[in-house]
Asker: 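Quick one: the structure is below, questions incoming.
Worth knowing before you read on, the calculation uses all heavy atoms, side chains too, and leaves out hydrogens, waters and symmetry mates.
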Amino acid sequence: MMTPTRYIVLVLTLLISLHYILTITHEEYGKATSVSRLTNYIQGPRPPYKEGVPEQYYKPSVSSPPPERKANATFVMLVRNTDGPGIMYSMKQIEDRFNRKFQYPYVFLNDKPFTENFKKYVSQLTDAPVEFGLIPPEHWKQPEWIDEQKATAAREDMMRQNVIYGGTYRNMCRFNSGFFYKQELLQKYRYYWRVEPDVKYFCDIDYDPFLLMQDQNKVYGFTLSLYEYEATILTLWPSVKEFLSENPDLLPADNALSFISDDGGVTYNRCHFWSNFEIGDMDFWRSEAYTKFFDYLDSKGGFYYERWGDAPVHSIGAALFANKSQIHFFNDIGYRHEPFQHCPQGDLHKNGKCWCDPGSNFDYEWYSCLHRYDKLF
């Protein structure tokens, strides 16, 4: 005997089955009775844009086939959580100009834990692997043996003299000089590309700079070079000379000393590669020569008693301990970090589809050191 409950269940089953069949066989019926359409009916009319763009207007993205050969390399980004918009601006350009084709991973480093929002939004910009690392305090904070009274006095003196960044960046400069390549997440990699917030990449990069570095045995690549502020490095070169007098065997015969000194090493001409853009070999920084060099400089306290930057420290290290042929100028990578830019010229500008003004190019301005690099060869 059919009870009322069974009758209701049977009717509902028949209605649901009929609805399912009509949804499959009649497209317009399916659209009219969709959950979203019924929800809209209940909630009332909505602005048309909330419906989104119909699928028929989309062109599927065509994924580039993975490269047949890649270097053991990664992008490295030292940022704070507040740098989110700036680093996404830079990362989006890296993806559009280069990494969408090559799919190299990213490593983000911070002395504070990254927020979930930061990790979510930067990860959405790429299909490549993304990792987030927390810098150990001993790699970031000022060492206990630094005389804080002396360091404070130095910072205050620089600020009185209006020295750029005179009161900041000590921990960052020391970290980038001698600790970034020691981070756990970077131990599995050899080559790195340093990227900072709010920089511009002007040109398509259709080849693999990492493979070029690997195959041609390069250890350091740059786009901009200029003079350091003398007030920030008063004792840096005397410290370098002391180290070299104790370790003369570490210098290769055909290095790039003449890029950083006009008198055979007696004085430092203050030229350095601007390290906010670097493509380099971390095994070079991990080498015996550079490790001894950095440890010696670190023991002098100049990162805190003055404001030794990672740019002159890296540049001096590369110029002294690498062969000059191992230092590469990426002439075809258009790049800007305020207030300077490298804009490729002639066919390089055309072939790279660059959007920078070729007339706005720092290469041979009076404050550039590129002419000294050219003279190496």
Side-chain angles (χ1 to χ4, degrees), residues 52-53 55-79 83-110 114 117-133 185-186 188-216 218 221-224 276-282 328-337 341-344 347-356:
V53 178
E55 289 289 331
Q56 68 196 69
Y57 296 106
Y58 281 92
K59 181 179 181 180
S61 298
V62 179
S63 300
S64 299
E68 295 180 2
R69 193 166 65 95
K70 292 172 66 175
N72 179 20
T74 184
F75 294 99
V76 176
M77 301 182 177
L78 173 64
V79 289
D83 290 323
I87 202 61
M88 287 192 289
Y89 176 81
S90 302
M91 188 176 172
K92 178 61 176 171
Q93 293 175 76
I94 286 286
E95 282 294 307
D96 290 347
R97 291 298 196 171
F98 169 74
N99 206 45
R100 184 176 292 180
K101 298 186 287 285
F102 292 92
Q103 293 293 294
Y104 279 101
Y106 293 84
V107 172
F108 287 84
L109 300 173
N110 192 349
F114 283 107
N117 268 350
F118 182 96
K119 292 190 283 188
K120 171 186 174 182
Y121 290 121
V122 299
S123 297
Q124 289 175 350
L125 294 178
T126 181
D127 294 326
V130 183
E131 294 183 285
F132 301 90
L185 290 179
L186 293 177
K188 56 181 174 285
Y189 298 112
R190 178 171 176 180
Y191 296 96
Y192 73 100
W193 183 332
R194 175 172 164 179
V195 180
E196 294 205 349
D198 296 304
V199 298
K200 294 182 176 73
Y201 286 88
F202 294 118
C203 312
D204 288 347
I205 306 169
D206 294 322
Y207 70 98
D208 189 336
F210 291 124
L211 278 181
L212 183 145
M213 298 286 288
Q214 174 183 291
D215 293 350
Q216 297 187 9
K218 309 288 187 182
F222 71 99
T223 56
L224 291 165
N276 46 71
F277 174 100
E278 292 182 325
I279 300 179
D281 183 348
M282 285 185 283
H328 183 71
F329 173 45
F330 281 102
N331 191 25
D332 46 8
I333 296 182
Y335 175 77
R336 181 177 183 88
H337 183 294
Q341 73 180 35
H342 166 65
C343 185
D347 287 344
L348 291 179
H349 191 279
K350 176 184 176 182
N351 295 338
K353 299 181 177 64
C354 305
W355 56 276
C356 53

Asker: Side chains of Asp332 and Tyr207: any donor to acceptor distance under 3.5 Å?
Answerer: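 Looking only at side-chain atoms, Asp332 and Tyr207 do form a donor-acceptor pair, the distance falling under 3.5 Å.
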Asker: Between Asp83 and Val79, is there a donor-acceptor pair closer than 3.5 Å when you use the side chain of the first and the backbone of the second?
Answerer: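 Between the backbone of Val79 and the side chain of Asp83 there is no qualifying donor-acceptor contact (under 3.5 Å).
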Asker: Would you please indicate yes or no on a ring centroid separation below 6.0 angstrom for Tyr335 and Phe202?
Answerer: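 No, ring centres 6.0 Å or more apart.
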Asker: Do NZ/NE/NH1/NH2 and the carboxylate oxygens of Lys101 and Asp208 come within less than 4.0 Å?
Answerer: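 Asp208 and Lys101: not salt-bridged.
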Asker: Atom CG of Asn72 and atom CZ of Arg190: how far apart are they, to the nearest 0.5 Å?
Answerer: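 One finds 9.0 Å between CG of Asn72 and CZ of Arg190.
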Asker: Is there a side chain to side chain contact (heavy atoms under 4.5 Å, CB included) between Val76 and Val195? Walk through the geometry before answering.
Answerer: CA-CA 6 Å; Val76 176; Val195 180; over 6 Å; no
Asker: Within this structure, what is the OH-OG1 distance for the pair Tyr192 and Thr74, rounded to the nearest 0.5 Å?
Answerer: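 Between atom OH of Tyr192 and atom OG1 of Thr74 there are 12.5 Å.
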Asker: Side chains of Trp193 and Ile94, heavy atoms from C-beta outward: is any pair under 4.5 Å?
Answerer: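 Yes, their side chains come closer than 4.5 Å.
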Asker: Can we say Lys218 and Asp281 salt-bridge, meaning some charged N sits less than 4.0 Å from an Asp/Glu carboxylate O?
Answerer: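 Salt bridge flag = no for Asp281 with Lys218.
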Asker: Using 0.5 Å steps for rounding, measure from the CD1 atom of Ile279 to the OG1 atom of Thr223.
Answerer: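 Nearest 0.5 Å value for the CD1-OG1 distance: 8.5 Å.
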Asker: Compare every heavy atom of Pro209 with every heavy atom of Phe330, then report the nearest pair and how far apart it is.
Answerer: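 For Phe330 versus Pro209, the nearest heavy atoms are CE2-CB, 3.7 Å.
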Asker: Inspect the contact between Glu131 and Lys119 and indicate whether a charged nitrogen and a carboxylate oxygen are less than 4.0 angstrom apart.
Answerer: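 No salt bridge links Lys119 with Glu131.
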Asker: Less than 2.5 Å separating the SG atoms of Cys354 and Cys203?
Answerer: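 Answer is yes, sulfur atoms closer than 2.5 Å.
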Asker: Go through the steps for Arg69 and Gln214 under the test side chain to side chain contact (heavy atoms under 4.5 Å, CB included), then give the verdict.
Answerer: CA-CA 11 Å; Arg69 193 166 65 95; Gln214 174 183 291; 3.6 Å; yes
Asker: Does the gap between the ring centers of Tyr104 and Phe210 come in under 6.0 Å?
Answerer: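 Yes, close enough.
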Asker: Assess whether side chain to side chain donor-acceptor pair (under 3.5 Å) is satisfied between Tyr201 and Glu95, documenting all intermediate values.
Answerer: CA-CA 10 Å; Tyr201 286 88; Glu95 282 294 307; over 6 Å; no
Asker: Do His342 and Phe329 have ring centroids that are under 6.0 Å from one another?
Answerer: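 Aromatic pair counts; centres sit under 6.0 Å.
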Asker: Would you mind reporting whether Met91 and Met77 have side-chain heavy atoms less than 4.5 Å apart?
Answerer: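 With C-beta onward as the side chain, the pair touches.
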Asker: So does Glu196 get a backbone contact from the side chain of Ser90, meaning a donor-acceptor N/O pair under 3.5 Å?
Answerer: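 Yes; judged by distance alone, with no hydrogens or angles, the pair exists.
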Asker: Heavy-atom distance under 4.5 Å between the side chains of Val122 and Phe132, does that happen here?
Answerer: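 Yes, side chains in contact.
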Asker: Measure the shortest side-chain to side-chain distance between Met282 and Tyr191 over non-hydrogen atoms and say whether it is less than 4.5 angstrom.
Answerer: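 They are not in contact (no side-chain heavy atoms under 4.5 Å apart), so the answer is no.
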Asker: Salt-bridged, Arg336 to Asp198, with N to O below 4.0 Å?
Answerer: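 Between Asp198 and Arg336 there is no salt bridge, as every charged N stays at least 4.0 Å from the carboxylate O atoms.
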Asker: So, do Thr126 and Asn99 sit near enough that their side-chain heavy atoms are less than 4.5 Å apart?
Answerer: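 Yes. Closest side-chain heavy atoms under 4.5 Å.
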Asker: Atom CG of Asp204 and atom CD1 of Ile333: how far apart are they, to the nearest 0.5 Å?
Answerer: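 Output value for this atom pair is 11.5 Å.
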Asker: Should we count NZ of Lys188 as having more than 12 external heavy atoms under 6.0 Å?
Answerer: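 Counting other residues, nucleotides and ligands, NZ of Lys188 exceeds 12 neighbours.
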Asker: With heavy-atom distances below 4.5 Å as the criterion, would you say the side chains of Gln341 and Cys356 are in contact?
Answerer: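 Contact flag for Gln341/Cys356 side chains = yes.
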Asker: Strictly under 6.0 Å, is that where the ring centroids of Phe108 and Phe118 end up?
Answerer: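 Centroid distance Phe108-Phe118: below 6.0 Å, so yes.
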Asker: Can you check whether Pro67's main-chain N or O pairs, donor with acceptor, with Lys70's side chain at less than 3.5 Å?
Answerer: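 No, because the side chain of Lys70 does not come within donor-acceptor range (under 3.5 Å) of the backbone of Pro67.
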Asker: Taking the side chain as C-beta and beyond, is there a heavy-atom pair between Gln93 and Lys200 under 4.5 Å?
Answerer: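 In contact.
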Asker: Would Asn110 and Leu78 count as a side chain to side chain contact (heavy atoms under 4.5 Å, CB included) if you check the C-alpha gap in whole Å, the side-chain angles of each, and the deciding distance to 0.1 Å?
Answerer: CA-CA 6 Å; Asn110 192 349; Leu78 173 64; 5.9 Å; no
Asker: Should Val199 and Tyr89 count as side-chain neighbours, where that means a heavy-atom distance under 4.5 Å?
Answerer: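 SC-SC contact between Val199 and Tyr89 ruled out.
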Asker: Using 30° and 60° as the class boundaries, would you call the ring planes of Phe75 and Phe98 parallel, tilted or perpendicular?
Answerer: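 Phe75 and Phe98: perpendicular rings.
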